[in-house]
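In what follows, a single structure is set out as structure tokens and then discussed.
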Amino acid sequence: MAEKITPRSVDYSQWYIDIILNAKLADYSPVKGCMVIRPRGFSIWERLRDELDRRFKETGHENCYFPLFIPESYLKKEAEHVEGFSPELAVVTHAGGEELDEPLVVRPTSDTIIWSIYKNWIQSWRDLPLLYNQWANVVRWEKRTRLFLRTTEFLWQEGHTAHETKAQAVEETERMLEVYRKFAEEYLCIPVIAGKKSDAEKFAGAVDTYSIEAMMQDKKALQAGTSHFLGQNFAKAFDVQFQSRDGGLEYVWATSWGASTRLVGAIIMTHSDDKGLVLPPTLAREEMVVVPIFKTENKAEVLTYAEGVVKALKADGRRVAFDGDDSTKPGWKFAEWEMRGVPIRVEAGPKDMADGNVVMVRRDTGEKQVVKAAEATAKARELLAAIQENLREKARAFRIANTKRVMDYNEILVFFGKETAGTGDAPGGFADGLWCGGRDCEAKLKADLKVTIRNMPADLQHDTSGVCCLCGQPAKHRAIFARSY
RNA sequence: CGGGCAGUAGCGCAGGGGUAGCGCGCUUGGUUCGGGACCAAGAGGUCGUGGGUUCAAUUCCCACUUGCCCGACCA
């Protein structure tokens, strides 16, 4: 049979699509830019969603739900916000067979409708902080879409908080960025760089936007989560004031933060290989699959033996699939389960049965080992932990290997390869350099090389002495430059 | 939104103004079974949608739609 997955080296985009379709994570739909998430893809989302939700609650947040439709006039109350979103809005003009008096926007984000309601809920400093989050779908009419990474409709969570003081709101913004950072690294095994966005890249309506940025296997950056300090912009637009401790009337300070189904795309592109999907055990629907290997004459005994192994693993809390189907051969099953990204394959055949063994194979390294069946549960725990760790460290090593400190524009030109800008052959990665903070430098970089400032890493801002690597003027920030999704 | 390519069985593709083809997959039976097995018999199609030309359109023409690549735009 022909290869199902296009190798990364041949066509990275096609590789990504092949993995999604062949591993049955998602499919296309009749509606432009909208995808169908299939059970195998949705289970990844469910697992990461539940873990993220747990971490939000751990930091004092509560879930709620606001309407899908937003009166058009609400969007217009915050000038930058409407300007930023108007090109990608879907608007409902008719309903119930009649034209609506006021069109309803299908939410691209819920900031406006939430703040219109917060106005009613906040009167006193005693009502603060308000720490709410919602899990929802949003619609942004994107011109160019890609499965999981940029779709017209997507699933996400949006946290919207209100605070008494600026310091508290800034602290919340940073706290949630840190929640995302740890979550990405611990749970998704995606190392990220956390930092502040440049003014040109920040959220429409925010004072400051922060992001976590990950490096994909094609060395492009992917924004994997954002946290915004909104200042008093939305409070002023929606007139949300509270009576302070000293009796004065003040506008509240706000934050918002979000992460979306795009994370599923990030997971695919960070870990997978030419055989298919590779998943960290935390995210895998099945942590392991047991494949019995039998002939007709020994089928019953081998199945019994293999099922015993499954039972022991399940009793130890493992999520285990059992593939006892007799219409396909073992080799076919091996390839199939590798494509699906199951972290460990357990083979149980007549030879293993005779010796009381099983064969355990790691998806991430392909390493095979023979293990006593009695020790399979302990070995499984050990291997799952090792896989989780290996995927994280492999991704980290890849990013480090493809990150370069740059001192001047010539080094940037060489690093990103001017003549190959925008093609799949472009070299590059993350360039780490000093920046004057000027919009012109940023614009020139984008025009010349399609490279943007991803963010300004918090842990590098102690060292900004020197000159801007783009223009040679005195530097103000240390930034990460990269091509991005 | 502009340029290019594509849409024919579940998937990959061929074909061609006159009753629709191949490979894989699928179903049934049998033999196989430690890295994508084999034999036999079957099932499966309004040829993306709508209109036009024609005695006749899946084929020619127009519009629309969906996908991929490039560009512009962009949380």
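Each chain gets a letter, A, B and so on, in the order the sequences are listed, and its residues count up from 1.
Closest to the side chain of A:Pro330, from the set B:rG34, B:rC69, B:rC68, is B:rG34. When distances run from any side-chain atom of A:Arg150 to the nucleotides B:rG67, B:rC74, B:rG35, the shortest one goes to B:rC74.
Residues A:Thr173 and A:Ser227 have side chains that never bring a donor and an acceptor to within less than 3.5 angstrom of each other.
Summarising the geometry of A:Lys24 relative to A:Arg38, their closest heavy-atom pair is O-CB, 3.3 Å, with the distance given to 0.1 Å.
Look at CG on A:Leu147: it is 13 Å from C1' on B:rU66, rounded to the nearest Å. For the pair A:Asp325 CG and B:rU32 C1', the computed distance is 14 Å after rounding to whole Å. With rounding to whole Å, A:Asp11 atom CG is found 7 Å from B:rC69 atom P.
Both A:Glu336 and A:Lys32 sit near RNA chain B, but only A:Glu336 has its closest nucleotide nearer the 5' end.
Shown for residues 350-358 of chain A: residues whose heavy atoms fall under 4.0 angstrom of RNA chain B, namely A:Pro350, A:Lys351, A:Asp352. Near RNA chain B, defined here as any heavy-atom distance below 4.0 Å, the residues from residues 66-90 of chain A are A:Phe85, A:Glu88, listed numerically.
Side-chain N/O atoms of A:Glu347 and base N/O atoms of B:rG35 include no donor-acceptor pair closer than 3.5 Å. Side-chain atoms of A:Arg144 and base atoms of B:rC73 include no donor and acceptor less than 3.5 Å apart.
In this entry B:rG10 has B:rC24 as its Watson-Crick or G-U wobble partner, both defining distances falling under 3.5 Å.
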